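Remember, it's a predicted structure, so these values are computed and weren't measured experimentally. Letters go in sequence order (proteins before strands), and every chain restarts at 1.
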Amino acid sequence: MPPPGVNAKDFSDALKQFEEAVGKEWVFTSDEDVALYRDAYSPFWGEPEERVASAAVAPYTVEQVQAVMKAANEYKIPVYPISTGKNLGYGGSAPNLSGSVVLDLKRMNRILDVSERNHSALVEPGVSYFDLYRHIQERKLKLWVDVPDPGWGSPVGNSLDHGGGYLQPMYRNHFDSHCGMEVVLANGDLLRTGMGAMPGAQTWQQYKFGFGPWIDGMFSQSNFGVVTKMGFWLMPEPDAYLTGTVSVPKYEDLIPMIDILTLLENSGISNGMPGLGSPILGGFMMPQRAPEVTEMLQKDGVESASLHKYAQDRGIPFWSCTVKFYGPEKAIRAQWEYAQEKFSAIPGAKFKDDEFYKFPLTPDQFNKVHKPEMGIPSLEMFSIGARSPYNPTPGQGHIWFSPIIPRTGEAVLEANKVFAKAAKDFGLPLLSFSLPTTYWMRSFIFLFGFPITHDIATNKKNRETFKQVVRVAAEHGWGEYRTAPAYQDAVMDTYSFNNHALRRFHETVKDAVDPNGIISAGRYGIWPKHLRETKA
Amino acid sequence: MKCLFALTFLALAGQGFAADDATIQKGEKVFDYWCATCHGPGNLPGTVALQTKYKGAKPALLSERTDLIPPVTKTFVRKGVSIMPFFRKTEISDADLDALAAYIARNNKAPTR
């Protein structure tokens, strides 16, 4: 089945050119092969609206990518580049526009450079976090890679999608930690950014900006080019790692606790990803919640006066914060001591030493730790959705609702009220209380998983609900940082300042750099001119 | 003449076993690279899932199973199951999948093909 708007002869001629470029065995057109490009966690699974590819082409070199793009541009074939195609929950390997040809870059899996002196790497899109980690380990280099929870993704793809990890803040934001990229444009032209624009430059992975406007951001969460190389800054292996937990007694203490945490992080004192918790409410890595606490929560919510009294009478802290430190032992012990001084401003604050490790880890420690916090890729995060004694009847996947909210205690409390009401209004399982994750230094993200099933009616209901919560969040000024193709238009609609000036700008750029609109049509709500006209 | 036939047979059989060993070794590498991160020893999601499902009636570790014939392994890899997605041919090629399936089936009592 040809892509939309492409006749059968042009499609056939383009596929022949793709075959000439990459070899016949790397152009996939059979139903069986193309089905492998479905999004395994698609919220449209099995419905006519499911976004599916018409074919796939898998180049091995940059020159092959250029040849494919030239042919696609000539025949106006929509293509959808993927790196490893493993961002499950955010779209996987399926295109936004059904009928697109997936440009599968998995075979481009070369680690082109790893520098122990510069603490950097240069990789192709098909390289996974596991690959980069193994490469470093085999060479016994003292370097850590900041990895997202599932380690089978691509540093290139994950950073372009604004993914995050767990190490020091300058590495945790994966797009921030990149330095230099190579991009194939819609017409097959080849571009390098930053210092890479200068032939013979020795500093492509040392200085991001080169000369003139810094355009790297335009290739993230977008459809303006096909990124074929990216440089990354890696974290030098630290001497040691230390964590300690502060707990504070009262409900209102959340506000100063977060303010102090933010000060410590923005000052560089706490340099690991902190963890927020609530000993009274229980939850992940916390004691199990007492049944009477659940009753009080269900009756009056987290503001329940009887709940506050219950906690106070039993001496159970309302909130906790685990702060984390990487560095020389002497330094991080002093940093933890300083952090305790600062948190002591909250009456009744208590402190507990948690983990302390020196590197390399012993095998026992290796098995015990949360691996991404040590720069070790893993797939252990899938334990959350997989079959287990706690989850005997697993679903088919998940999709994340992940709004950015302000980094204040007030916002955490307000967001919980708003989302609890939304859950009630839209018939979602009631969230008694949820604390945000702390990937970014300057803001919080709430992460809520929506289940994916193979039941059409359930998925349909969940899709509608997802859009409703996106709308409710936006009404409070909280926007999604990333979302699956199914919701990208709805989310982009919420970034609507001055009559959607941002989207209009994206469209202007799109029309200029990809006039035939062939790259990832619709990705992150950016549609090429001919499809905007059809949609209107 | 009989002797010659016997030698030829043994030689071919030997070649056959050698090829199978190489395939199984290749399959083990594919398993270690693609599968062991979820289905290896320890508290990993795939291993816990199979332990929960079979409650010890079958080994939780895929590498210790003796009942998975190649078509079954191939179906799981190409179709996925529960939250495990399917794998594309740029990830696990057909040749790699043949080897992987042979590795998983290496201890089967019934025919492995």
Side-chain angles (χ1 to χ4, degrees), chain A residues 25-26 28 30 32-41 56-60 82 84-86 88-89 92-93 102 104-109 126 128 130-131 134 150-152 366-368 377-398 451-452 454, chain B residues 28-63 65 68 70-101:
Chain A
E25 65 172 312
W26 298 111
F28 300 104
S30 73
E32 180 195 344
D33 289 349
V34 174
L36 298 171
Y37 289 86
R38 291 173 77 180
D39 173 11
Y41 291 6
V57 52
Y60 184 61
I82 60 167
T84 54
K86 282 282 177 274
L88 298 169
S93 48
V102 173
D104 182 347
L105 305 179
K106 178 63 198 167
R107 294 177 66 226
M108 294 177 63
N109 60 358
S128 71
F130 280 117
D131 294 334
R134 286 165 183 158
W152 57 9
F366 185 93
N367 288 331
K368 188 179 139 193
S378 131
L379 295 180
E380 289 172 23
M381 180 51 105
F382 283 102
S383 298
I384 289 178
R387 189 190 302 272
S388 72
Y390 311 102
N391 184 21
T393 52
Q396 267 75 35
H398 59 261
I452 295 296
H454 283 180
Chain B
E28 186 174 10
K29 282 186 182 166
V30 175
F31 182 86
D32 287 347
Y33 184 88
W34 281 107
C35 315
T37 44
C38 248
H39 286 287
N43 213 20
L44 298 179
T47 302
V48 172
L50 293 175
Q51 176 63 38
T52 308
K53 183 170 183 179
Y54 294 117
K55 297 179 173 56
K58 293 180 181 183
L61 289 172
L62 282 181
S63 56
R65 292 280 288 270
L68 292 172
V72 172
T73 299
K74 291 179 185 182
T75 299
F76 281 123
V77 170
R78 293 290 188 230
K79 300 288 181 191
V81 57
S82 177
I83 66 160
M84 181 184 114
F86 30 86
F87 290 79
R88 311 187 306 276
K89 293 189 175 177
T90 52
E91 298 174 298
I92 302 176
S93 67
D94 284 339
D96 283 351
L97 186 52
D98 286 341
L100 172 66

Which class fits the ring pair A/Trp152 and B/Phe87: parallel under 30°, tilted 30 to 60°, perpendicular over 60°? perpendicular
I'd like to know if B/Lys74 pairs up with B/Asp98 as an ion pair, taking the criterion as any Lys NZ or Arg NE/NH1/NH2 lying under 4.0 Å from an Asp or Glu carboxylate oxygen. yes
Is chain B contacted by the side chain of A/Ala35, its backbone, both, or neither, given a heavy-atom distance below 4.5 Å? backbone
For the residue pair A/Asp131 and A/Ser128, confirm or rule out a side-chain donor-acceptor distance under 3.5 Å. yes
Parallel, tilted or perpendicular for A/Phe382 and A/His398, by the 30°/60° rule? tilted
Chain B shares the most heavy-atom pairs under 4.5 Å, among A/Thr84, A/Ile452, A/Asn367, with A/Thr84
Contact part of A/Ser93 toward chain B, heavy-atom cut-off under 4.5 Å: side chain, backbone, both or neither? side chain
Residue A/Glu25 versus chain B: region with a heavy atom under 4.5 Å: neither
Please look at A/Leu105 and chain B and tell me whether the side chain, the backbone, both or neither of the residue comes under 4.5 angstrom of a heavy atom of that chain. neither
Tell me, do B/Leu44 and A/Leu379 make a side-chain contact under 4.5 Å, heavy atoms counted? no
For chain B, find which of A/Pro394, A/Ala58, A/Ser388 contributes the most heavy-atom pairs closer than 4.5 angstrom. A/Ser388
Where on A/Arg38 is there a heavy atom nearer than 4.5 Å to chain B: the side chain, the backbone, both, or neither? both
Is the OH atom of B/Tyr33 crowded by more than 12 outside heavy atoms at less than 6.0 Å? yes
Which of A/Tyr37, A/Phe28, A/Trp26, A/Phe130 touches chain B most, by non-hydrogen pairs under 4.5 Å: A/Tyr37
Taking side chain as C-beta onward, heavy atoms only, is B/Thr52 less than 4.5 Å from A/Tyr390? no
At a 4.5 Å cut-off on heavy atoms, which part of A/Ser378 comes close to chain B: side chain, backbone, both, or neither? neither
